[in-house]
There are 2 protein chains.
Amino acid sequence: MKEKLTIGKLAQKANVGVETVRFYERKGLIKQPSKQGGFRHYPEDYISRIKFIKRSQELGFTLNETSELLELKLDSSAKCSDVLERTQAKIDEVNEKIEDLKKMKKSLKRLAVCCEDTDVSLSECPILDHF
Amino acid sequence: MKEKLTIGKLAQKANVGVETVRFYERKGLIKQPSKQGGFRHYPEDYISRIKFIKRSQELGFTLNETSELLELKLDSSAKCSDVLERTQAKIDEVNEKIEDLKKMKKSLKRLAVCCEDTDVSLSECPILDHF
DNA sequence: CTTGACCCTGTACTATGGTACGGGGTATAA
DNA sequence: TTATACCCCGTACCATAGTACAGGGTCAAG
């Protein structure tokens, strides 16, 4: 049950490329595992660690931010509120983007409506004026 | 009132660096203005153009996509239907981005809710396990 | 004992969106 | 007139997040 994985197996199980695993190691997101005869041998929990990194990225965290999250995980004095704070900051970021996109959509729609009236010259419905 | 701006003044008014203005010119996002004695002299409307580029980027558009957005205005020789088509495509893009961000927000919120007791030490906090 | 699949390190390269720097030219004010 | 601030072009460099490749080493099967 305590099977160790080569980098290729790990990459495959975590759904990333071999180079990506080595890249994460260089970046300090995962620590170098023990080596047998020059080959990296990973315990299975590296799979979830890499999946965590990927998931975190999907949620909009950069690798550096993900790194911080992973460090919090290892910091025994870290409080739930630390992670919550970062999560809330991301939510705020996301909200802002959504609001801005909605404004942009409105502008684009105005532009579209304006262009539907083929008698109106384009110079009279410039997208720049709507921002 | 028809004041022309040097690159430095323009950059300052648009809240970007001088190098950024030249970079946008190289990328074709703004066209080279007239030059007086080897110096670029910009009409004031370049300010809003650059601000538009910045805004568009914040909304998740790449410079290439932003370029396309800007062409919606400037390509005055294009047929209205042509512009309309591209505008609709951009609206679809924006909608997709909004949907993606909403999904992200949902996931982040689920994380936040599961961790309301902020004094709990992280080792007992479920937030990271749910990533 | 050789072949092929995998592994190693190190470096270079991709794209995106800038930023910095070297080595000059110019414009304005004291 | 000379100091200073600004401008020019071209090239190199930065971060982000990988990806590719060169030139080796290792291991397990046949």
Side-chain angles (χ1 to χ4, degrees), chain A residues 3-43 46-47 49-71 86 90 93 97 100, chain B residues 3-43 46-47 49-70 93 97 100 104:
Chain A
E3 219 185 308
K4 298 246 178 169
L5 309 158
T6 62
I7 195 169
K9 291 267 165 64
L10 171 63
Q12 189 202 303
K13 292 208 179 195
N15 237 314
V16 295
V18 166
E19 303 295 336
T20 302
V21 176
R22 282 199 278 254
F23 176 73
Y24 288 166
E25 188 182 301
R26 279 202 301 282
K27 287 276 150 181
L29 279 118
I30 55 178
K31 61 179 193 301
Q32 218 180 278
S34 59
K35 289 198 182 178
Q36 252 103 75
F39 286 27
R40 289 171 183 81
H41 278 259
Y42 297 95
Y46 274 74
I47 301 169
R49 193 170 173 97
I50 287 171
K51 282 187 173 171
F52 176 90
I53 295 166
K54 281 284 146 197
R55 174 80 183 124
S56 170
Q57 272 193 294
E58 274 168 31
L59 294 175
F61 293 93
T62 65
L63 284 189
N64 271 338
E65 289 166 339
T66 302
S67 206
E68 285 172 24
L69 287 172
L70 285 166
E71 270 161 38
R86 284 165 169 79
K90 269 301 154 198
E93 260 177 56
K97 281 188 189 179
D100 283 353
Chain B
E3 218 184 311
K4 297 248 178 167
L5 310 158
T6 62
I7 195 169
K9 291 268 166 64
L10 172 63
Q12 190 201 304
K13 292 207 180 196
N15 238 314
V16 295
V18 165
E19 305 294 336
T20 303
V21 177
R22 282 198 277 255
F23 176 72
Y24 288 166
E25 189 182 301
R26 278 202 301 282
K27 288 276 152 182
L29 279 118
I30 56 178
K31 62 180 193 302
Q32 219 180 279
S34 60
K35 288 196 183 180
Q36 250 102 76
F39 286 28
R40 289 169 182 82
H41 279 261
Y42 297 94
Y46 274 74
I47 301 168
R49 193 171 172 95
I50 288 171
K51 282 186 173 170
F52 176 87
I53 295 168
K54 279 283 146 197
R55 180 85 189 284
S56 169
Q57 267 196 294
E58 282 165 19
L59 299 181
F61 291 95
T62 64
L63 285 188
N64 273 338
E65 288 167 339
T66 303
S67 216
E68 285 167 23
L69 282 170
L70 285 166
E93 264 177 53
K97 275 190 215 282
D100 284 352
M104 236 163 90

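Sequence lines set the chain letters: A, B, ... in the order given, protein chains first and strands last, and positions in each chain run from 1. What's counted below: heavy atoms across the whole structure, side chains too, no hydrogens, waters or symmetry copies.
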> Partners of Lys31(A) by side chain to side chain contact (heavy atoms under 4.5 Å, CB included), sequence neighbours excluded?
Replying inline: Tyr46(A)
> What pairs with Glu25(B) under side chain to side chain contact (heavy atoms under 4.5 Å, CB included), at least two apart in sequence or on another chain?
Replying inline: Ile30(B), Gln32(B), Pro33(B), Arg40(B), Tyr42(B)
Would you name the heavy atoms of [X] and [Y] that are closest together and state the gap between them?
X: Ile53(A); Y: Leu70(A); answer: CG1-CD1, 3.9 Å
X: Val18(A); Y: Gly8(A); answer: CG2-CA, 3.9 Å
X: Lys90(A); Y: Gly60(A); answer: NZ-O, 3.2 Å
X: Leu5(B); Y: Pro43(B); answer: CD1-O, 4.4 Å

>> Counting only heavy atoms and a strict 4.0 angstrom limit, can you tell me which residues of residues 12-35 of chain A come near DNA chain C?
In response: Arg22(A), Lys35(A)
>> Can you list everything that forms a ring-ring contact (aromatic ring centres under 6.0 Å, His included) with Phe39(B)? Sequence neighbours excluded, please.
In response: none
Who passes side chain to side chain donor-acceptor pair (under 3.5 Å) against [X], sequence neighbours left out?
X: Glu65(B); value: none
X: Lys97(A); value: none
X: Thr66(A); value: Ser56(A)
X: Gln12(A); value: none

>> Is Arg40(B) close enough to dC7(D) that one of its side-chain N or O atoms is under 4.0 Å from OP1 or OP2 there?
In response: no
What's the [atom1]-[atom2] distance between [X] and [N], to the nearest Å?
X: Glu65(A); N: dA17(D); atom1: CD; atom2: C1'; result: 14 Å
X: Lys9(B); N: dA5(D); atom1: NZ; atom2: C1'; result: 11 Å
X: Leu63(A); N: dT16(D); atom1: CG; atom2: P; result: 8 Å
X: Gln57(B); N: dT16(D); atom1: CD; atom2: P; result: 17 Å

> Which nucleotides of nucleotides 23-30 of chain D have their base under 4.0 Å from a protein heavy atom (B), which only their sugar-phosphate (S), and which neither (-), written as one string 5' to 3'?
Replying inline: --BSS---
> Can you give the first and last nucleotides of DNA chain C, 5' to 3', that have an atom under 4.0 Å from a heavy atom of chain A?
Replying inline: dC7(C) to dT9(C)
> Closer to the 5' end of DNA chain C via nearest nucleotide, is it Thr62(B) or Gly8(A)?
Replying inline: Gly8(A)
